[in-house]
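Reviewing the structure listed below.
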Amino acid sequence: MTEKEYNECVNLYADNVYRFILKNLRHEDNAKDVVQAAFEKMWMNREKVENERSKSYLFTVAYHQMIDLIRKNKRETIQEDFSFSKATTREPQHNVKKILNEALYRLSETQRSLVLLKDYEGYSYEEIAVITSLSISQVKVYLHRARIQLKNYLVKPENVI
């Protein structure tokens with residue numbers, strides 16, 4: 001990968017990678033750090049990265065950086081158990097985006113990442129398998145289970161608009 005190709009990659013994919021990481025982490029500064037680290041790693045390995053595979057490489061590196069950050073944060077801090085679920089109300093809510101985000105954040109890290117990669121970013125099962133280091137069948141199974149969980153949450157009477 002040349003310097004020009006790297007710069008084109010930054011222009012083309014920086015926003016997509018940032019949105020993907022931000023949706024998972026829900027913290028802007030951490031998302032920016034992960035994206036920066038992913039681009040830094042790609043720059044350090046630019047001789048080894050083929051330009052045609054730069055998008056996949058970038059998402060793979062960012063995904064793994066994000067997982068590392070999540071694991072690190074879990075080790076460093078004691079998280080409040082189900083603090084997010086305590087904050088929700090039992091009254092009907094009329095904000096679709098808020099309900100969808102709540103449903104997404106109830107999924108495991110892996111399931112949420114798979115849903116976002118497939119349904120939000122539009123990746124194929126094969127591309128997602130490469131990015132997440134899962135087999136194609138695992139991607140399909142986890143994605144199916146995640147969608148069932150989303151459906152079950154979204155059809156609850158208190159969540160129906």
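FYI, side chains are in, hydrogens and waters are out, and symmetry mates aren't considered; it's all heavy atoms of this structure. Numbering of residues begins at 1 and proceeds along the displayed sequence.
Taking every heavy atom of both residues into account, Leu150 and Leu104 meet most closely at CD2-N, 3.9 Å. For the residue pair Ser124 and Glu127, the shortest heavy atom distance occurs at N-OE1, 3.0 Å. Closest heavy-atom contact between Val130 and Ser56: CG1-OG, 3.8 Å. Here the shortest heavy-atom pairing between Leu25 and Met66 reads CD2-CG, 3.6 Å. In terms of heavy-atom proximity, Tyr13 sits nearest to Ser54 at CE1-OG, 3.9 Å. Nearest heavy-atom pair across Cys9 and Leu58 is SG-CD2, 4.2 Å.
When the side chain to side chain donor-acceptor pair (under 3.5 Å) test is applied to Arg147, the partners found at least two apart in sequence or on another chain are Asp119. Considering only residues two or more places apart in sequence or on other chains, Glu126 meets the salt bridge (charged side-chain N to carboxylate O under 4.0 Å, His left out) condition with none of them.
Within the model, atoms CG of Asn152 and CZ of Arg106 stand 12.0 Å from one another, a figure rounded to the nearest 0.5 Å. The CZ atom of Arg112 sits 11.0 Å away from the CD atom of Gln149 when rounded to the nearest 0.5 Å. To the nearest 0.5 Å, atom CD of residue Glu28 and atom NZ of residue Lys32 are 5.5 Å apart. The line from CD of Gln65 to CG of Asn30 is 12.0 Å long, rounded to the nearest 0.5 Å. The CG atom of Leu69 sits 9.5 Å away from the CD1 atom of Ile21 when rounded to the nearest 0.5 Å. We find the OG1-CE distance between Thr60 and Met42 to be 11.5 Å, quoted to the nearest 0.5 Å.
Under the 3.5 Å distance criterion, the side-chain polar atoms of Tyr105 are matched with a main-chain donor or acceptor of Lys23.
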When the side chains of residues 43-53 are checked against the rest of the protein, which donor-acceptor pairs come out under 3.5 Å, sequence neighbours left out?
unit_1: Asn45; atom_1: ND2; unit_2: Lys41; atom_2: O; d: 3.1
unit_1: Asn45; atom_1: ND2; unit_2: Tyr57; atom_2: OH; d: 3.1
unit_1: Arg46; atom_1: NH1; unit_2: Trp43; atom_2: O; d: 2.8

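The closest side-chain heavy-atom distance from Gln111 to Arg145 is below 4.5 Å. Contact annotation: the side chain of Thr132 approaches that of Leu117 to within less than 4.5 Å [non-hydrogen atoms, C-beta and beyond].
Both Leu22 and Val115 are assigned to one and the same hydrophobic cluster, defined by single-linkage of ILVMFWY side chains at heavy-atom distances under 4.5 Å.
In this structure, a donor-acceptor pair under 3.5 Å is absent between the side chains of Ser108 and Thr110.
Applying the 6.0 Å contact sphere to OH of Tyr63 captures more than 12 heavy atoms from other residues, nucleotides or ligands.
Between Phe59 and Tyr123, the ring planes are perpendicular. Angles over 60° get that label, and only those under 30° would be called parallel.
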